[in-house]
Amino acid sequence: MKPVIFLLAALSLPAQTRVQLPPYTRQVLPNGTVVDLMPRKGVPLVTVRALVKGGAESDPPGMAGLASITAELLRRGTPARTADRFSDELDSIGASFESHTDPQATSIAMEFLSKDADLALDLFTDAILRPTFPEQEVKKSLAEWIEASKAMKDSPMMASSLYFRMFFFGPRHPYGHPARGDELSLQRITRAEIANYHARMYTGANLIVVAAGDFDPAQMGPRIEKAFGAAPAGKPYAWKDAPAAGPASSGPRLLLVDKPDATQTYFWIGRIGISRTHPDRIPVWLVDTLLGGRFTSMLNDELRVNSGLTYGARSVLDRNRLPGAIAIVSHTQTASTAKAIDLALDVLKRLQEKGISADQLASVKSYVKGIFPTERLETADQLAAEIGDLELFGLDRREIDDLFARIDAVTLEQANRAAREYFKPSGLSFVLLGNAAKIRSAIRKYAPEMAEVAINRPGFAVPAAPAR
Amino acid sequence: MFRPPEHWLCYIGKMRLLAHFLPFFFTVAAFSSQFHVSTGTLSNGMKVLVQEDHSIPNVALYFFFKIGSRNERPGTTGISHFFEHMMFNGAKKYGPKQFDIEMEKNGGRNNAYTSRDVTVYTDFFPRTALELMMDMEADRIRDLSFDPKIIESERGVVYSERRTSVDNNNGGLLEEQLNAAAYTAHPYGWPVIGWASDIESWTMDDLKAHFRMGYAPNNCVMVVAGDVTADEVLALAKKYIEPIPRHDPPPPVRTKEPEQQGERRVVVRKPAQLPIQMFSYHVPRSNDPDFYPLQLLGRILTEGRSSRLYRALVDREQLAVAVDRSDDVSIDPGQLVLLVQPRSGVDPAATEKVLLAEIERVRTGGVAEGELQKARNQYLAGFYREMKTIAGRANLIGRYEVFLGGYDRLFTVEQELEKVTATQVKAMAQKYLTEKNRTVATLVPEKGAAR
């Protein structure tokens, strides 16, 4: 393949020729566990990261949060350690232990100083492979998480994001519930369900383990293989299909979440987008960055810089296994709600009608390539996340190694085709969170059907019938 | 101009001396030995610190201006932060929006932050854009322009920022009230973002006066970390930045907060699912012998699930859902703030009682050796996490230089932590965590309109 030396020298843009994933080894253990090791000298930190396939989509109906709370409970009791002892040991070395559930996987990651690898690995493998889920800890965790779910309602930013997910995907879609559950779903979860979930899902067929950082592979490799190789092979998780009627396929529709004391309206405007592995993902990413993925984006320029209506306007491009949303996200003081939304919709219409220019394409290519090393390849934890991602989605290292060449290869025509195809101002789902009494009449024009819910209503679901 | 490499060798020597009786230091020393900072000063007084790192072809360029909300006056609170916004809105050579447009099209991105003490401009870009960055930074430091229409538009942006981070953010709102009560005289009492009525009233003259007051090159430290050489940074700084003339730095902040002589209490009532509580204690400025002992005390109290307050409030009594702490660096005497989020329906008096009892346990019984060593390790692990990125390193170098007496104290973190004793930590609790020194702010959930 011909090396790309300089890009568009006439425009004096920087020559960021290519990036590469650093070297790493990959093996598949007899029980199916995938183990990737990326030793690198440098800052004396190591990240080990385990991915359990399934994620939020594997929550049974009515039990939103099961995958997530199972991961929470890993550290709360094993045959060798009580929850307290785990915390004592973890904190004594200043290490971190975090779990996170996204739509397709649960990740459990530890970051620790190289010198503490022995104890850290012990904690990591013990928690993931041998949790006992003591009844008392289960009760405590569920109670804490119910509180955390309520606390989300006090943050309009976070609450509007959750309401959007529920409304956009709908309750029948595998992504149509909060990954951490809510006050209602968490109450239905029992110790038996948690233990059962762990037994079914934390098996070789579903596990990916990645280690990156300043470690000795001759030491760490065999330990990881021994520990994770002993897990039962189990059955691979069977991925769900999306329901026949896709999310928000019949827009426009609108959900109004009433928070009477809000002095700003927080809004999400979304439509159906693409999946993580869609063949058009690079042009779509470039167009999305131009729309709302950087400071000089069309949305931020119009809503913040030109008109001072908001502290920030951006776009969100879901990258999940099933097609997700492309959404406009912003906020503005109550009185300028309609003005800001109108402006955002104008930006979308202009993008649809006029597309993007050659200069814009050159600029955004330079931008995404310029920041890429610091966003994705600078630290061990970033690299561990990157590798885990590739494994999860069945991609290989060429996804990174060929990335810059593929970015360079996107033509103006391809980019504008992506703009026309995916950034349409139609089929839109609106979620607005704010003072309903003050904005209700101004926003009716955006959708013939408007659902309304009070923020204090438990959970994040939309009531079946319109409120009152 | 730049200190010769002996500094680096000296540092290595010191580390090796310690290696044989503290094996912990060995791997840490090996990394630290690569962490070399070159230093120089331009003839206009700007100090320049450079940390070379060629692992990725990127650069972090930070400008620490020693001006913040502590330099403000009632009536124009928030002007430092507003000014920070205006720095992106056009100067002489690069007009409105050009700073961001040029940066992004050259593969860079930027940000900035304002605190009580400093205004920091942060640039992240591929090394090929270094000269462009020096040119653009020099342009706005010297010749920032003030367009009335842009001022109005940016006022709207900052007001939106205030609504987002304070008015519609229960924690932000409570913190604002906490600080206003904790400080009766010193400028740390007013919010960095500014009171709403001040936001509404800023004038162009306010901005110009602020520019003249704070943006002297001699009032600034430039920090560069990444794929550069010290020589090339120096050469470009001399070409673009050195010609900017020095002038008087901001006048000294004269007001000292008088010693607090009794507990203060604040209540905020607002619709909320969960209450919030904050406990503020006055502590010395960061450049003080008590800094590390207080940092370790703070961690023993709130860092991790084995911490005193987490264990008591979240785990054992199950009254709270979270605990946290704020112990930011400060130029003037600052605060150690303990935060608790009680569960819904819990009376904050109950969480307060447990928290104060735990503090009393430390004051009377002290802390265990194991806890102290844990806190040291937590501090160091956090330190290394910041060192992971060129951005983190630039921020760390700048922070140590401006707040902790000099960037070279970065190299002695481990020794300084090792010197802290359990007796000292107990003494910190006895000296600072007292009723008289305490301000308590509570957000009490108010029932909203029935629906």
Side-chain angles (χ1 to χ4, degrees), chain A residues 13-16 42-45 84 87-88 90-95 111-115 140 143-144 147-148 150-151 153-157 258 260-264 294-296 301 304-311 331-333 362-363 366-367 369-371 373-374 377-380 454 456, chain B residues 24 27-28 31 55-58 97 100-101 104-109 124-126 128-129 152-157 160-161 163-164 167-170 270-274 303-307 314 318 321 341 343-344 370 373-374 377-378 380-382 384-385 387-391 448-449 451:
Chain A
L13 289 172
Q16 178 67 282
V43 185
L45 285 167
D84 278 1
S87 296
D88 285 337
L90 181 75
D91 291 352
S92 77
I93 55 174
E111 187 183 40
F112 50 92
L113 290 169
S114 305
K115 66 178 184 70
K140 281 162 68 172
E144 285 161 31
E147 290 301 312
K150 291 181 189 171
K153 302 289 183 76
D154 288 338
S155 164
M157 225 29 125
D258 185 22
D261 64 297
T263 61
Q264 292 198 121
R294 60 180 190 168
F295 190 84
T296 63
D301 202 42
R304 171 173 162 155
V305 184
N306 291 350
S307 54
L309 290 173
T310 184
Y311 178 47
H331 54 273
T332 191
Q333 66 170 315
S363 171
S366 176
Y367 175 75
K369 291 191 298 179
I371 67 169
T374 55
L377 304 178
E378 186 174 15
T379 65
N456 288 339
Chain B
F24 161 74
T27 38
V28 163
F31 165 73
S55 42
I56 54 170
N58 293 70
K97 303 191 189 185
D100 290 308
I101 288 174
E104 292 194 344
K105 101 173 184 222
N106 280 280
R109 63 183 172 83
F124 313 97
F125 48 92
T128 45
E152 282 322 295
S153 164
E154 203 61 46
R155 189 197 307 270
V157 175
S160 172
E161 189 179 349
R163 285 190 202 96
T164 303
D167 305 336
N168 290 277
N169 180 322
N170 290 357
K270 223 201 152 214
Q273 296 273 334
L274 271 61
E303 190 79 15
R305 297 191 193 185
S306 72
S307 66
V314 179
Q318 295 161 49
V321 69
Q341 177 134 67
R343 301 190 187 193
S344 57
Q373 188 55 40
K374 169 181 68 164
N377 290 341
Q378 287 173 324
L380 273 168
Y384 278 101
R385 286 193 183 99
M387 299 260 254
K388 281 192 290 195
T389 61
I390 51 177
R451 197 162 172 85

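Hydrogens, waters and symmetry mates play no part in the numbers below; they use all other heavy atoms, side chains included. So you know, we letter chains A, B, ... as the sequences are listed, proteins then strands, and number each from 1.
Residue Arg155(B): no heavy atom, backbone or side chain, is found under 4.5 Å from chain A. Within the 4.5 angstrom heavy-atom criterion, atoms from both the backbone and the side chain of Ile371(A) approach chain B. Proximity to chain B is absent for every atom of Ala380(A), based on heavy atoms less than 4.5 angstrom apart. Only the side chain of Ile56(B) comes within contact range of chain A, with at least one heavy atom under 4.5 Å from a heavy atom of that chain. For Ser307(A), the part sitting under 4.5 Å from any heavy atom of chain B is the backbone (N, CA, C, O) and nothing else.
If you check the side chains of Asn306(A) and Ser153(B), you find no donor sitting under 3.5 Å from an acceptor. Side chains of Ser160(B) and Gln333(A): no donor on one and acceptor on the other come within 3.5 Å.
In this structure the side chain of Asn456(A) reaches within 4.5 angstrom of the side chain of Gln273(B), judged on heavy atoms. Within the 4.5 Å cutoff, the side chain of Glu104(B) has heavy atoms near those of the Phe295(A) side chain. Within the 4.5 Å cutoff, no side-chain heavy atoms of Gln318(B) are placed close to those of Glu144(A). Residues Asn169(B) and Met157(A) fail the side-chain proximity criterion, which asks for heavy atoms closer than 4.5 Å. Side-chain contact between Thr374(A) and Arg109(B) is present, with at least one heavy-atom pair separated by less than 4.5 Å. The shortest side-chain heavy-atom distance between Glu303(B) and Asp91(A) does not fall under the 4.5 Å cut-off.
Put simply, NZ on Lys374(B) and CG on Leu90(A) are 10.0 Å apart, with the number rounded to the nearest 0.5 Å. Asn58(B) contributes atom CG, which lies 7.5 Å from atom CD of Glu378(A) (distance to the nearest 0.5 angstrom). A distance of 9.5 Å separates OG1 in Thr296(A) from NZ in Lys97(B), rounded to the nearest 0.5 Å.
Using a cutoff of 4.0 Å between basic side-chain nitrogens and carboxylate oxygens, Asp100(B) and Arg294(A) are not scored as salt-bridged.
Interface check for chain A: of the options Ser307(B), Ala391(B), Gly108(B), the most heavy-atom pairs under 4.5 Å are formed by Gly108(B). Top candidate by heavy-atom pairs under 4.5 Å with chain B, chosen from Val305(A), Asp84(A), Ile93(A), Thr310(A), is Asp84(A). Heavy-atom pairs under 4.5 Å with chain A peak, among Asp167(B), Val314(B), Thr164(B), Asn170(B), at Thr164(B).
Residues Lys105(B) and Ser363(A) share a closest heavy-atom pair of CB-OG, 3.3 Å. Here the closest heavy-atom approach between residue Gly94(A) and residue Ala381(B) is recorded as O-CB, 3.2 Å. Across all their heavy atoms, Ala143(A) and Arg343(B) have their closest contact at CB-NH1, 3.9 Å. Heavy-atom minimum distance, Lys388(B) versus Val43(A): CA-CG2, 4.0 Å. In this structure, Gly370(A) and Pro126(B) approach most closely via the heavy-atom pair CA-CG, 3.9 Å.
Judged purely by atom type and a 3.5 angstrom limit, Glu154(B) has no side-chain atom pairing as donor or acceptor with the backbone of Gly308(A). When atom types are taken as modelled, the side chain of Asp154(A) and the backbone of Ala272(B) share no donor-acceptor pair closer than 3.5 angstrom.
Residues satisfying the side-chain contact (heavy atoms from CB on, under 4.5 Å) test with Ser55(B), not counting sequence neighbours, are Asp53(B).
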